[in-house]
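As structure tokens, the structure follows; a few thoughts come after it.
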Amino acid sequence: MDFELFSTAFLGVLEWNTLLMIFLGVTGGIIIGSLPGLTATMGVALLVPFTFGLPFNQSIGMLLGIFSGSIYGGSISAILISTPGTPAAAATLLDGYPLTKKGEAGRALSMSVFASFIGGFTGALIMTFLSPQISKFALEFSAAEYFGLAIFGLSIIVSVSGKSILKGVMAGFLGLLISTIGMDPVTGYPRFTFGSMNLFEGPAFIPTLIGLFAIAEVFKGIENLESTKRTVSHISSLLPSFADIKKAWKDMAKSSVMGTFIGSIPGAGSDIAAFVGYSEAKRRSKHPEKFGKGAIEGVAAAESANNACSGGAMIPMLSLGVPGDAVTAILLGAFVIQGIQPGPMLYVEDLGTVYSVFSSMLVANIAMLIVGLIGIRFFTKAITVRKSILLPTIFVLSIVGAYSMRNNMFDVWLALSFGVIGYFLHRYRFPISPILLALILGPMAEANLRRALIIADNSLIDIISRPITAIFLILAVASLITSLLRQKRIKE
Amino acid sequence: MKRANIIFGIIAIIIAGFVFNQLASFPDAQPDEVGADFFPRLLANGLGLSGIVLIINTLVSKNPETDEGPSFNLKSLLRAFISFIAVLVYCLSLDLFGFIASSILFLTFMMFLLQERNIIKMMTISAAITASVFVIFSEFLLIDLPLGTLYGF
């Protein structure tokens, strides 16, 4: 590490016009991320053309600002209206929304932005110091390891099932079955698509999510209009309390490291990182029964993991030229347009550029913390609006959000159908979280198991005996057993 | 809750049966290969089996969870049902009347359904929400919201 070159690059990022672009990017990213249906990928894609004419530092600063801002922004709607603005915030709603229902939206939001900052900053630091080494390790991941990672994530289905494990398992099976809709990942055969081109890639994730959470929640709110009290959130401080930080710092630290690592594995995105971070926080907690009911550690773990993932995803993109996810794929394009070719040679030929990227990422996370904290009072105002105005508005936002993914009415009908399904499942106490988990991790588990079986000549033993896979599977079994024992103890 | 659990158990079995029926038309996998039907078959087995267990569990269990049902208030359920019909009509009208007109009408109707009674206030708020959503999505984020085939768009 050339510290002199790094400090020169860092000072370059601190120039006022670069800082301005970073702040603009972060603000735009937070707004885009908080709107249901608009993902970080879409945010970066939409704003890339605006950065073409800018000098390198400003252009990259703005793009990384959007990237960081939108990942955090997704948690705002997840916490306030139970709709993750981006898939990365899906795990945040599990505890964020219950906190809002308790009148603690401000507490959830301040922890969310703080944890996002810790995760994002840690991810950026790890990226700065360890990217070539991590890239080499991430390349060790083959289909078998991805399969192990997915199974570990799925193992928390039991623990997010609430009162009835059986109903949780049924919801999990239903979610996994829904995730098999679309083209078979190995043979390309269209499964359960009924000839509809719209289903070839499976039910679009965001409209499904909007249906299961936002629309179902609105139906529920309309049904219980008289019985639901208006939520008023008290904000005593913009920063999370010392007690909350003390409670969640270990989870934040662990999730940040795990998130960075998961982000560095090409194909494993921030949604997966958030669930793995959440799952690990719940597994290690002394009070796992509080998770899903408004545990601040749940918000902290999910948010630090998904933001750390953005730093992690930059690692293979910069050091190998292989984007870790869709956003970094677009960033790769933006780099090329700026005349920079990421890859191993970049570290040899143009270390100054690499350090500029690292510095921009670090500063973007500080900017995210500042803008996020200032915005909390404004965001929490949203839920003090009367239910008679708020519920129809969420309906319209949900419909537009579902539509905007592909400019397609099919996705609107999909969201509405899942809204009705979600409403009935919720009414009869079937947990929705296992479906969410299954939709994210199901395709990863199936595709990688089958690829691994092909590679290993159908020998399951060969797959599960690979060291990294074995560790994930042992963790999954441990997580299952502890959840089952805990449920038994609660019932007794 | 007992009846609902049994109905959900039966629905799970029906879904599993439907999946099996669909799997019959899937192409055969190579002898030494895991085919496209492997995962759905495994999951349908799991879903069907857990449906059966739910039914048996509900019939034999004395667990209070199986006895308590959600509250059944006809007025509230009717309101939820009307809102479902309203959102259905709203989605159907988007193409024809466009986002702006449909949204203003939908929002005003929904506010009325949710016990707002000041018509001027309702119309003003509906128009403001519609305009804000339209400007953000259509102008800033360049998403083509339907403008209405009725007006020739």
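Residue numbers start from 1 in every chain, and the chains themselves are labelled A, B, ... in the order their sequence lines are given, proteins ahead of strands. Just so it is clear, the model here is predicted, and its values are computed rather than measured.
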Region of A/Val218 that comes under 4.5 Å of a non-hydrogen atom in chain B: neither

Side chain, backbone, both or neither of A/Tyr403 within contact of chain B (heavy atoms, under 4.5 Å): side chain

Option that, when pairs with chain A are counted at under 4.5 Å, heavy atom only, ranks first among B/Val133, B/Leu77, B/Leu49: B/Leu77

Within 6.0 angstrom of B/Met123 CE, more than 12 heavy atoms from elsewhere: no

A/Glu217/A/Lys220 salt bridge by N-O under 4.0 Å criterion: yes

Heavy-atom contact with chain A under 4.5 Å, split by part of B/Leu145: both

Lys/Arg-Asp/Glu bridge criterion (N-O < 4.0 Å) met for A/Glu446, A/Arg191: yes

Residue among B/Ala36, B/Ala80, B/Ser83 with most heavy-atom pairs under 4.5 Å to chain A: B/Ala36

Under 3.5 Å, which donor-acceptor pairs do the side chains of residues 134-144 of chain B form with other protein atoms, sequence neighbours left out?
none

Pick from A/Leu453, A/Leu449, A/Asn407 with the largest number of heavy-atom pairs that fall under 4.5 Å of chain B: A/Asn407

Test of ring centre spacing under 6.0 Å for B/Phe26 and B/Phe38: no

Exam field: side chain B/Arg79 to backbone B/Leu113, donor-acceptor pair closer than 3.5 Å: no

Plane angle bin for B/Tyr90 and B/Phe106 - parallel if under 30°, tilted between 30 and 60°, otherwise perpendicular: parallel

B/Val53, part contacting chain A, at a heavy-atom distance under 4.5 Å: both

Chain A contact via B/Ile125 - which portion, at a heavy-atom distance below 4.5 Å: side chain

Heavy-atom contact with chain A under 4.5 Å, split by part of B/Leu88: both

Residue B/Leu92 versus chain A: region with a heavy atom under 4.5 Å: both

Residue A/Leu177 versus chain B: region with a heavy atom under 4.5 Å: both

Close side-chain approach of A/Glu223 and B/Ser76, heavy atoms under 4.5 Å: yes

Parallel, tilted or perpendicular: rings of B/Phe84 and B/Phe81 (30°, 60°): tilted

A/Thr180 portion near chain B, given a 4.5 angstrom heavy-atom threshold: side chain

Carboxylate-amine/guanidinium proximity below 4.0 Å for B/Lys121 and B/Glu116: yes

Residues, nucleotides or ligands: over 12 heavy atoms within 6.0 Å of B/Gln115 CD: yes

Chain A contact via B/Leu94 - which portion, at a heavy-atom distance below 4.5 Å: side chain

Segment of A/Leu176 engaging chain B (4.5 angstrom heavy-atom cut-off): both

When B/Ala4, B/Pro40, B/Ser102, B/Ala44 are compared by non-hydrogen pairs under 4.5 Å with chain A, the top option: B/Pro40

Which of A/Asp184, A/Leu425, A/Ile222 touches chain B most, by non-hydrogen pairs under 4.5 Å: A/Ile222

Chain B contacts, top residue of A/Val412, A/Ile389, A/Leu391 (heavy-atom pairs, under 4.5 Å): A/Ile389

